[in-house]
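Down below is the structure, laid out as structure tokens.
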Amino acid sequence: DAGVIQSPRHEVTEMGQEVTLRCKPISGHDYLFWYRQTMMRGLELLIYFNNNVPIDDSGMPEDRFSAKMPNASFSTLKIQPSEPRDSAVYFCASSSTGGRQPQHFGDGTRLSIL
Amino acid sequence: GNSVTQMEGPVTLSEEAFLTINCTYTATGYPSLFWYVQYPGEGLQLLLKATKADDKGSNKGFEATYRKETTSFHLEKGSVQVSDSAVYFCALSAGGGSTLGRLYFGRGTQLTVWP
């Protein structure tokens, strides 16, 4: 079975540009999570969805960040405008119903803002 | 609230040494506990889990026992290999109310094993 698929794997762009990260969760999973990982702050939960509805976006750092889940098989995380401090690895994860189910992670998008 | 505290790294061991990475937690209700592993350039992978007190999760020679009395879930391996070099994350799922589905992660512990 295919795992969580993220694209692109690497993104390098200039400050001020719009960045869109994409995620395809595992089929049948109804939870989707977006994380950010940096050396300084570790792994941070940005936002998560249940059945395509955002449940908790308290981790989104500021209004420049937005996330959508238009259907059960696709989600995007957008940064506009991007800043150098947004440079990080962004992970998407999905899980099936119930808090006791493990999350399955994608391989991440390494984002560099110049 | 819900939180996980794991030992600071990095941890450096010789091959075949015994490994312990400490993890303690604070949770409301009855959490499930997980260990994840992250190899360089990859996402986190589930290593093992335990869903109730006294359960022992095990995988690839790693073990961890859910200790409710000490609120701990320490990761152990009797003989580490170079290929075990990675970052290890302890996590909990409180599994109820507004936090249903969410995992709470520790900061991660970097393990390096030398031949």
Side-chain angles (χ1 to χ4, degrees), chain A residues 2-10 21 23-26 29-59 69 88-111, chain B residues 1-10 23 25 27-53 55 57 59 64 66 73 86-110:
Chain A
V4 175
I5 299 172
Q6 292 187 246
S7 64
R9 286 298 312 276
H10 303 274
L21 310 182
C23 175
K24 177 179 171 55
I26 292 174
H29 282 188
D30 53 354
Y31 281 89
L32 184 138
F33 305 82
W34 282 101
Y35 293 90
R36 179 172 68 176
Q37 186 177 40
T38 61
M39 290 293 292
M40 289 294 293
R41 301 175 68 92
L43 190 66
E44 302 173 275
L45 176 65
L46 300 178
I47 184 171
Y48 73 101
F49 296 82
N50 178 222
N51 291 322
N52 313 337
V53 176
I55 301 301
D56 184 352
D57 65 353
S58 60
M69 192 165 186
V89 181
Y90 291 82
F91 289 104
C92 176
S94 69
S95 69
S96 58
T97 300
R100 302 188 183 280
Q101 300 304 315
Q103 292 179 16
H104 299 260
F105 282 73
D107 284 336
T109 295
R110 183 172 296 276
L111 177 63
Chain B
N2 301 306
S3 66
V4 172
T5 302
Q6 63 181 102
M7 63 186 285
E8 296 278 335
C23 172
Y25 66 89
T28 55
Y30 302 94
S32 292
L33 301 172
F34 305 85
W35 277 101
Y36 281 79
V37 59
Q38 184 181 26
Y39 299 103
E42 299 183 10
L44 280 69
Q45 303 174 23
L46 178 68
L47 180 59
L48 53 84
K49 69 175 183 178
T51 58
K52 62 183 187 296
D55 269 1
N59 186 25
Y66 187 164
F73 193 55
V87 181
Y88 292 81
F89 292 88
C90 185
L92 75 82
S93 172
S98 62
T99 63
L100 182 67
R102 177 179 174 172
L103 285 180
Y104 296 82
F105 284 92
R107 292 272 306 178
T109 301
Q110 171 75 55

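Quick caveat, the model's predicted, so the values are computed rather than measured. Heavy-atom basis, side chains included; hydrogens, waters and symmetry copies ignored. Within every chain, numbering begins at 1; the chains are lettered A, B, ... in the order of the sequence lines, protein sequences first and strands thereafter.
In this structure, Arg107(B) and Met40(A) approach most closely via the heavy-atom pair NH2-O, 3.3 Å. Across every non-hydrogen atom of Lys49(B) and Pro102(A), the tightest pair is NZ-CD, 4.0 Å. The two residues Phe33(A) and Arg102(B) come nearest to each other via the heavy atoms CE2-CA, 4.0 Å. Of all heavy-atom pairs spanning Phe105(A) and Leu44(B), the tightest one is CB-O, 3.3 Å. For the pair Phe91(A) and Gln38(B), the tightest heavy-atom approach, listed with the atom from each and the gap, is CZ-NE2, 3.3 Å.
Note: Gln103(A) leads His104(A), Glu44(A), Gln103(A) in heavy-atom pairs under 4.5 Å with chain B.
Taking OH of Tyr48(A) as the reference point, atom CG of Leu103(B) lies at 10.0 Å (rounded to 0.5 Å).
When heavy atoms are compared at a cutoff of 4.5 Å, Gln37(A) approaches chain B solely by way of its side chain, counted from C-beta outward.
The number of heavy-atom neighbours closer than 6.0 Å to CD of Gln110(B), taken from other residues, nucleotides and ligands shown, is above 12. Counting non-hydrogen atoms of other residues, nucleotides and ligands closer than 6.0 Å to CZ of Arg9(A) gives a total above 12.
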